[in-house]
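In what follows, every chain begins at residue 1, and chains take the letters A, B, ... in the order their sequences are listed. None of these values were measured; they are calculated from a predicted model.
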Amino acid sequence: MTVPNPHEPTPVSAPVAYDPSTVEAKWQRRWRERGTNHTDLAGGDRPFYALMMFPYPSAEGLHVGNLFAFTGNDIFGRFQRLQGHTVFEPLGYDAFGIHSENYALRIGEHPMRLIPRNIANFRRQLERGGLMVDWRYSVDTTDPRYYKWTQWVFLKLYERGLAYKKKAAVNWCPNDKTVLANEQVINGACERCGAIVEQRFLEQWFFRISEYAERLLNNLDRIDWSETTKTAQRNWIGRSDGAEIEFAVMGTGNREPGTEARRSSGSQFPVPGSPSIRVFTTRPDTIFGATYMVLAPEHPLVERLTTDEQRADVEAYRERTKRQDLVSRKVNKEKTGVFTGSHAINPATGAPIPIWIADYVLMEYGTGAIMAVPGHDERDFEFANVFSLPIVRVVADTDDNEQTPLDAPFIDNTSGRLVNSGQFDGMPVPEAKRAITEWLASRGAGQAVVNYRLHDWCISRQRYWGPPIPMIYCDACGPQPVPEKDLPVTLPDIEDFRPDDSGVSPLARHEAWYIVPCPRCGGKGRRETDVSDTFLDSGWYFLRYPSADRDDVPFDPELTRKWLPVNSYIGGNEHAVLHLMYSRFITMVLHDMGILDFEEPFTRFRAHGHITRNGAKMSKTKGNIVNPDQYYEEWGADTFRTYLMFLGPYEEGGDFRDQSISGVRRFLDRLWASVAESTTEGSPDVDVLRKLHQTIQKVTDDIPRLAYNTAIAAMMTYVNVVRQGERTPHREELEPLVQLVSPFAPHLAEELWEQLGHRESVFDSGWPKYDPELAREQLIDLAVQVQGKMRGTIRVRPDVTQEEALKTARETPSIARFVTGEPKKVIFVKGRLLNIVV
RNA sequence: GCGGAAGUGGCGGAAUUGGUAGACGCGCUGGACUUAGGAUCCAGUGGGGAAACCCGUGCGGGUUCGAGUCCCGCCUUUCGCACCA
């Protein structure tokens, strides 16, 4: 054994290098043991609910896009905790729906077996990512303990008269063999599979979301949401201010064969009891220019209005448009239509105008009928040209009130004045809108009306993988809601769950399941065999999390009062008009029923951006999907998290490049090394401390703005400062940095915090305070311009006066050479710049 | 067509309010240490020029002492919605 020579310096053992897999395993275990991520729901004061959109647990496993979204939310949540809030950051699974079912069908496995496996895999990947999730309060929408309450929500809407069944033209996907909501039809094709959607007439359950249109629109003004999301919702709700106008119909040739068409009454205005057509228009001011009318082909009045002469043509046209798919209808720009043979009377001019049918008028919007003003509407103009219908100009473009020449195709303006409009001539358009609406109203021919694009929400799905709609049909008693005590209506575990083309759910093939006693009379009843839309599952899940361990109530009133509405919600903008609209609607309904004391579920919402890879969209077919497991393995979760946040502004997303990850890992390595080398001897360097406090300020400002990329950049800069030169960093220079970095790299921060001698979790240590005194620079480089051109900088105190700065600048040769003669003018921005104008 | 967002080095991106354009990172170049380096460290890195300087934020105008930022007119990309009366 060799005795160490006391004169030789004892060899310092090389610091242990940063090994993420060891550190991360250690802290995940420690968090579990200590319950670090548990939220004291009942006790915590200053509650903060940091919600992220829950994922659909696909068989492929966690997508990097999910992780990007969750990490951003996790950073925000951890930051709030460090600021002293009790943070609740739950996560669950949105596992019902066609997506899961189709996949199950494809691989020939039952979703009841498949989904739990996917969830287990998701859970493993999510935990590996280091999220501050309290897994004791998770939800799985396919768990009867959850969908019991989804069915309860349905019953509440039914009780309120907001759920109703009607036979309706619905979007039918021939591939997925189910009905789709309007929101799920993109350009006439199924959002999911891309198949061309057909129209079918089926009995469907609807929610009366359209009754809430005005509130859904108005409340947008007072919630703190991403503007892009609010705009999308406003457009989707699509409020139009206009008028409904009634046009009297002249007798049809059918009743008086062989005679001239005659007015049904002596008046140009409709008479109660006589046939009339109601139209919606946003331009009542143009009524003097209405030279014909158009009804949607499926309009109920078409039957009566069609003359014998025209019947064959009309029937043929109706048949053709019915079978026509939506895509060719929308893409096809040429106008088609057929004359019904009947005429209506323009209530403004008293002139008879022909009534046509055409598929450019949609039954679903307004009244399904329009007054056509080809002089001022592009579509009407095109139609009028195809069928040689008269075009009358009633708004003049110019101030001189002269009729604009008709060689202009049409004028779509609202700044002109009326012409050819009788007593309204010369009136500006906005004024004429009001005046003409009033004039028509006074004669019983119309009224001001607001119309919305938003339609009622069809929730019926003729599929298997969803919560059965809790209704029972009894021949004697009619439709009966399933009593609350009988919930849940359990989805049976059947092998044959394949959808067919019959228009009914696979459940309709299972008599043993659907034949039940009527809850009212006890006689033979039949269950509703459709299941509900998966957007109903996600329409209320945020209410469930705090009460996820309770079976007696959907959500505990006290916990709900404490934790809701959600303080911060982060998710993808692809849900701007689906999930986010439905959630608001359901919350409003429950509020109106006295069940919730707030009507907006998400106080703040931010849409995150999306990740591309090497500039391209990630997709399975391109094979360029980032699999998180691989990166956890190679770089560690902390590096992966931090890298994802460093890609670009969180709300815009960024481009993932494997090559660039190393920079973030280097940063964490350097942070690790700095702590390992740090000393408690002596005192910290004032210049370093100044940078530290500037960094604290920057990071504290950036996180709430979700400017994670610049926060990370600031911390990188600071580590570079700490390590500059040959110096040994002082512990006080590093401790606050470990706190700053902790939301981004939680495992590493915990480890370093422990190495710095702390026993409690870094997440219970608070957020470092920024001291403006310490942050202030002693000397700055003041920019000096001559004639607005940069000519150099001068080193001065930040509070230097204009006179001093000017003097210094003129003594600086490299600047002074540009100043010829006396300055005419001097612009001085304190602490920023000096501009000398000569 | 309507509505939103965005065009900045080789690349991802900085520049909260009109005030030093290109922070931070990748990549690249050179160097140090090395048997070796795809490790680490140091220096450099918008373009042109020997330099003084000049030019540079999609294009064209404008406002201003000063414009990536504001105004007018275009172009391009991208995402929603789309015959919504």
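A:N385 has its CG atom 21 Å from the P atom of B:rC83, to the nearest Å. Counting to the nearest Å, the C1' atom of B:rG1 and the OH atom of A:Y360 are 16 Å from each other. Regarding A:R453, its CZ atom lies at a distance of 9 Å from the P atom of B:rA85, rounded to whole Å. A:W356 has its CH2 atom 18 Å from the C1' atom of B:rA85, to the nearest Å. For the pair A:R727 CZ and B:rC42 P, the computed distance is 14 Å after rounding to whole Å. Here B:rA82 presents its P atom at 12 Å from CG of A:L454, a figure rounded to the nearest Å. Between A:D377 atom CG and B:rA85 atom C1' there is a gap of 6 Å when expressed in whole angstrom units. For the pair A:L644 CG and B:rC24 C1', the interatomic distance rounds to 17 Å; values are reported in whole Å.
A:Y643 pairs in a ring pair (Phe, Tyr, Trp, His ring centres under 6.0 Å) with only one of the listed residues (A:W635, A:F744, A:F656), which is A:F656.
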Kindly indicate, with the supporting measurements, whether the criterion side-chain contact (heavy atoms from CB on, under 4.5 Å) is fulfilled by A:L692 and A:V688. CA-CA 6 Å; A:L692 171 65; A:V688 174; 5.5 Å; no
Just do the salt bridge (Lys or Arg N to Asp or Glu O under 4.0 Å) check on A:K691 and A:D687 with the steps written out, would you? CA-CA 6 Å; A:K691 294 291 177 212; A:D687 290 323; over 6 Å; no
Stepwise side-chain contact (heavy atoms from CB on, under 4.5 Å) check, A:D359 with A:T336: CA-CA 7 Å; A:D359 65 359; A:T336 59; 3.6 Å; yes
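Comparing the P positions of B:rA23 and B:rA43 gives an interatomic distance of 15 Å, to the nearest angstrom. Taking the C1' atoms as reference points, B:rA15 lies 29 Å from B:rG3, given to the whole Å. Separation of the P atoms belonging to B:rG61 and B:rU16 is 27 Å when rounded to the nearest angstrom. Rounded to the nearest Å, the gap between the C1' atom of B:rC72 and that of B:rU64 is 16 Å. One P atom belongs to B:rG4, the other to B:rC71, and the distance between them is 14 Å to the nearest Å. Across the C1' atoms, B:rC53 and B:rG7 are found 30 Å apart, a figure rounded to whole Å. Nucleotides B:rU17 and B:rG68 place their P atoms 15 Å apart, quoted to the nearest Å. The separation of B:rA39 from B:rG30, taken at their P atoms, amounts to 16 Å, rounded to a whole angstrom.
A:S662 has no side-chain polar atom (N or O) that falls below the 4.0 Å cut-off from OP1 or OP2 of B:rG25. In this model, the phosphate group of B:rU20 is approached by a side-chain N or O of A:R832 to a distance below 4.0 Å at OP1 or OP2. Side-chain N/O atoms of A:N720 include one lying less than 4.0 angstrom from OP1 or OP2 on B:rG25. Under 4.0 angstrom from either OP1 or OP2 of B:rU16 there lies no side-chain N or O belonging to A:R705. A sub-4.0 Å separation between OP1 or OP2 of B:rC55 and a side-chain N or O of A:K789 is present. Phosphate contact (OP1/OP2 of B:rU20, side-chain N/O of A:R791, threshold under 4.0 Å): absent.
Set against B:rC65, B:rA82, B:rG27, the side chain of A:W236 has B:rA82 as its closest nucleotide. Comparing atom distances between the A:F280 side chain and each of B:rA85, B:rC81, B:rG19 picks out B:rA85 as nearest. Of the candidates B:rC41, B:rA21, B:rA85, the closest approach to any side-chain atom of A:M790 belongs to B:rA21.
Residues A:I209 and A:M581 approach most closely at CD1-CG, 4.0 Å, considering heavy atoms.
Here A:T793 lies in heavy-atom contact (under 4.0 Å) with a base. Counting non-hydrogen atoms under 4.0 angstrom, A:Q785 reaches a base of the nucleic acid. Backbone-only contact: A:R670 has heavy atoms under 4.0 Å from sugar-phosphate atoms and none from a base.
Taking a pair to require two hydrogen-bonding distances under 3.5 Å in either a Watson-Crick or a G-U wobble arrangement, B:rC28 pairs with B:rG44. Base pairing of B:rG18 is not made with any nucleotide, judged by Watson-Crick or G-U wobble geometry with both donor-acceptor distances under 3.5 Å. When both pairing distances are held under 3.5 Å, B:rU34 makes no Watson-Crick or G-U pair with any nucleotide shown. Pairing of B:rG3, defined by two Watson-Crick or G-U wobble distances under 3.5 Å, is identified with B:rC79. Summarising the base pairing, B:rG68 is matched to no nucleotide, lacking a Watson-Crick or G-U wobble pair whose two defining distances lie under 3.5 Å.
Mapped onto RNA chain B by nearest heavy atom, A:R666 and A:F818 fall at different nucleotides, with A:R666 at the one closer to the 5' end. Of the two residues contacting RNA chain B, namely A:V837 and A:G366, the nearest-nucleotide position lying further toward the 5' end is that of A:V837.
Side chains of A:E246 and A:S276: a donor on one and an acceptor on the other come within 3.5 Å. Side chains of A:R723 and A:S674: a donor-acceptor N/O pair is present below 3.5 angstrom, by distance only. Side-chain contact, A:T700 with A:D702: no donor N or O sits under 3.5 Å from an acceptor N or O.
The distance between the ring centers of A:F383 and A:Y360 falls below 6.0 angstrom.
Side-chain atoms of A:D285 do not come within 3.5 Å of backbone N or O of A:V429 as any donor-acceptor pair.
In the interface, the side chain of A:E378 is not paired with the base of B:rG1 through any donor and acceptor atom under 3.5 Å apart. On a pure distance criterion of 3.5 Å, no polar donor-acceptor pair joins the side chain of A:K824 and the base of B:rC65.
In B:rG12 the base sits anti relative to the sugar, since the glycosidic angle is further than 90° from 0.
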Letter by letter from the 5' end, nucleotides 4-14 of chain B scores (B base, S sugar-phosphate only, - none; protein heavy atoms under 4.0 Å) S------SBSS
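Enclosure of atom CD in A:E804 by more than 12 non-hydrogen atoms of other residues, nucleotides or ligands within 6.0 angstrom is indicated.
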